[in-house]
Structures are given as structure tokens and as C-alpha cells.
Amino acid sequence: MTKQTDTQGAWLSAEEAGFLTAGPGRAAEAVLARLIDQGLLRVSRDGLVSAVHQDGEGATTSVEARMLSFARNPVQFDAIVLATRNCTEVAQLYRQLLSRELMRVPHRRHDGRWFSLAVAGVAVVLGFVSPVFLVAAAIALGFFVWQNGSGPITQAGREALSQVQASDRVHVVALYGFDGRFRGKDVGELFDFPRRVVRTVPRRPARARRRSIWNGGGCGSSSSCGSSGCAGSSSSCGGGSGCGGGGGGD
Amino acid sequence: MAGIKDLGVGIGWRSEIDLTVERLPGVDFVEVVAENLHIGHLPESVTLLLERGVPVLPHAVSLSLGGADEVDLHRVEHLGAVAEAVGAPMVSDHVCFVRAGGLDSGHLMPVPRTKDALDVLVANVKLAQRNLPVPLALENVAALLEWPDGELSEGQFLAELVERTDCWLLVDVANLYANARNIGTDPERFLDEIPLERLAYVHVAGGEQHGDIYHDTHAHAVLPEVLDVLDELCSRVAPPGVLLERDDNYPSDTEIASELAAIRAVVDKHRG
């Protein structure tokens, strides 16, 4: 898979860029895009995806190999994205991004952080009585910020991602998703798919909203990792130990 | 027959490869399996091809014209309705039977090449022709067995069928090759015996050898030997059209395009 790099040498494949941009689902979309681009997967008008070769020929990553295995029999466009998003290979991809310090395990948030915010507010008011309460306010505010977490993408991850260019249609999918828009056009048009095919994939936030999607719930903290799951197991989703921790974006 | 000349090189349209068929360069015409289409709800891809002016020819697999059972006119009417829906100049089916005694074989079974069997086939073909809005072409099938007591060669059988019904011929050179391998049919003699002036178009397909049997799978690459049979046919007559059939295990778009190019090269070799 073609990789792009930042000045620190953090190489990102399209599937890695997709993961950093919008979580495991976007990584799966990027993989799907590359396999279609390489003629290894075929899509029909009714949205059925099928592998051109039955032996996984052409896969360059374990995620690609997994997706090709899913497509030995025709499978719907959205279903193969979902199945791949949930596969153990994508969970492994997440662990690799963690080990390269492009991502971090987000702090697990709990309701106690609101209590610390309330304490900080009260301390600020009391600070008019005695300055020592201002110190307490600062401590409580710091605790609140720590509890709230700073998202799963590290500074190095953000920098690496900022270097990724939408230089081809595979990277366009990684950054914007099949159902996104790029330069005023639907991304799906780059593949000449009927609109209804790519619409089956839930729309992901665009690149500019990258931070908010990771902070806004997803795997581990919202319904997106329940029945549809991430990697299909509790060990790979939720608790900050799995596919995207506090993020996910899909 | 008006409109049937110079079909060019085509491919069997299948829903699994609809986008591929639409995008492939050099697809001059397509064939659809009539039983898979519903009148009033044509696949979007087929409609698109029609709008581009690509001829769409319905090909049936279930008329069972070689069977002793009465022809199911509902199937004939459906075939005719598909032909009208796509504006086809002709339709086709096979010289075979697919059901008997209420059982459906799921295969295109060869008919005994006897005078009696020919009489039955001729009667069924004439009945179908009377109920079709366009001419009917009939295709030779691949057979894994020959019925005993045959009185005619396959070429003679088809020639007499054409003479008595005025039907057209759809010659499948892959089936001819398979019969040569499996039951000893002589392709050159076959081509000598059939009325090539009644050739509607030609089928080409791939297959695979399993043990002693060659299977006309439509799921493997076209063998050079099959193209040799096409070459032999083209040396005798310029076929109005040649169509690649692929029904499963679809290769890459590039490979399909290569097979079409190989077919075109054989056809063009004799036109130059």
C-alpha cells in the first residue's frame, strides 16, 4: 500500500491515514478503495462486492487479506466495510498506531469530572474571600481537564496526518470517506459507482472535523460499538484498549 | 435478417459484472439470460447499454425445445416480451431438453440424434416461432454423452433442423471443442455440414479439464484451442457476431478485456 510521510518520517498508509482520520470504519473504507483501485475487488450496480481472485492474491496488508477473504462470496458494500472494521486485523492496526505513538489510549471519562468542575467554580467564588481558594480552583480545573482527556490522536499523529495528501482516489477515501465530498464532488464519483452504493456506508466527518469525532464518542463510549461492534469483542473495543478507544467515528 | 449483421464482439451481460461490461472498451453487443429479466423492470445497466445503442440479445435456457413434453408457452411469451422490451432483432435458446416427466434437470441435455427426435424438435421449434415476435436462433450444446442409435451427425442434425424450421444457428465453438474432446465430434466436419449462411452469431467460453472430461464451465479462461475452432469457423464465414460467455469466477476487467481482444483478433484476421 502506498504510504505518505511527514517530516519526522512517520509513514502512513491509506488505511492508517483513514484510521487516524475517522477510526476503524474509515480504515476499512480506505482498504476497500485500494482493492477496488487495484482491480482486486469488483463492485456491481446493486452494491455487491466480490473478490476477483479467490486466493487473496494482491493483498499487501493483513487487513487487505481479510477483506479479500470476506469478498470470496459477494457481499454488500456496507457489510464488507462493517465486517472489516470489526476484524482483528484492524484492531491490530490500532495497536500498531499506538506503538508508533501516533495514537494514545484515551483517558476513560467518568461523571466525577463534572464534580471537579463544580468544585473549581465554587473555589473561584471563594477566591474573593481568600486567595488560597484560587489555588484549589486551579487544581480542580486541572483535574477536570485531565479527566476530560485530549483525544486518542497524539501530536505526532496529527502531524503525520497533516502531511497526507489527497493525491489519489484511495487517499481521498481515507481522508473523506466514500460518502464524503472532495473538491465539490461526491467521492463515490471517483469510482463511478452509483450514488446509492456508497450511500450505504454511514457518512463520516470530514478531515477538518477530525478532532471532534475522536472526542465525540464512538467505540468504547457510544452505541457505535455495541451490536455492530469493533473487532467483535470487548477486548478490542471500549475501555480504551481496542479499536480507537474513545474515538471511532463510525 | 435485418439488424443482425455486424454485431461485432460482445459479452454476456451478468449482474455481477454489470459495471465491468458498461466500462469495457469494445463491447459491441451483449446477451442477457432472458429468464433473469423481468419485463417492466429491466436492470439499470441494461437500460443504460440500450441508451448507448448497444444491441441486447435475449438468450433463453429453459424452453426445452428438444423435450417430448409440450412447450411451455408462458416461457416462450416471456422470451418474446424480453425481446420486445430490449428491441432485440432475434432471440435464442438451445438444441436440448431441460425437463422431462415433470423433473427439471438443471442442465442442457443433448437430444438423441434420431429422425424421431428431430421431428419432435422441429414441431416444438415451429410452435415457438409462431409465438415469438422475432426470429429464433438455436445453439449446439456441450454433451457429456451421446444417446445410442443416433442416425445423424450433429452437423447433419442441425442442418436438417434449419432446413425444416428456417431457424438461425448460434454456434458455440467452446461447446464444439468440448464435444470434440469428450465424445469425439469432428469440428471441421461439423462446420462443413451446417448451413453457415444461417449463422446468427457465435459463442466463445472457457472451460477446464477434470480427469478425462473437459467441462465447459464458463468460469475459466478461454483456451487457445477454442480460439482455434473460432479461427476455423472464421476461415469459412465472417460471423455476424462473436460473444464471450462468462458466468462465474469472474476475472479482472483487464483479463476480460484481453479475452475480448483475443476474440476480436481472430475475427479481424479473416476480415483483413
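Every chain is numbered from 1, with letters handed out A, B, ... down the list of sequences.
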Side chain proximity check, A:Leu98 to A:Glu101, heavy atoms < 4.5 angstrom: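 A:Leu98 does not reach A:Glu101 side chain to side chain.
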So do B:Leu233 and B:Val173 actually touch side chain to side chain, heavy atoms under 4.5 Å?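 In short, these two side chains touch, coming nearer than 4.5 Å.
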Can you tell which of B:Pro43, B:Pro251, B:Ser15 has the highest number of heavy-atom pairs within less than 4.5 Å of chain A?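 Among the listed options, the one with the most contacts to chain A is B:Pro251.
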Residue B:Thr254 versus chain A: region with a heavy atom under 4.5 Å: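 No part of it gets close to chain A.
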Checking A:Arg45 against chain B: side chain, backbone, both or neither under 4.5 Å from a heavy atom?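 Contact with chain B: backbone and side chain both.
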Any idea which heavy atoms bring A:Leu102 and A:Ala160 closest together, and the distance?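 Smallest interatomic distance, heavy atoms only, reads CD2-CB, 4.2 Å.
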Distance (rounded to the nearest 0.5 Å) between A:Ser50 OG and A:Leu40 CG: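 So the OG of A:Ser50 and the CG of A:Leu40 are separated by 11.5 Å.
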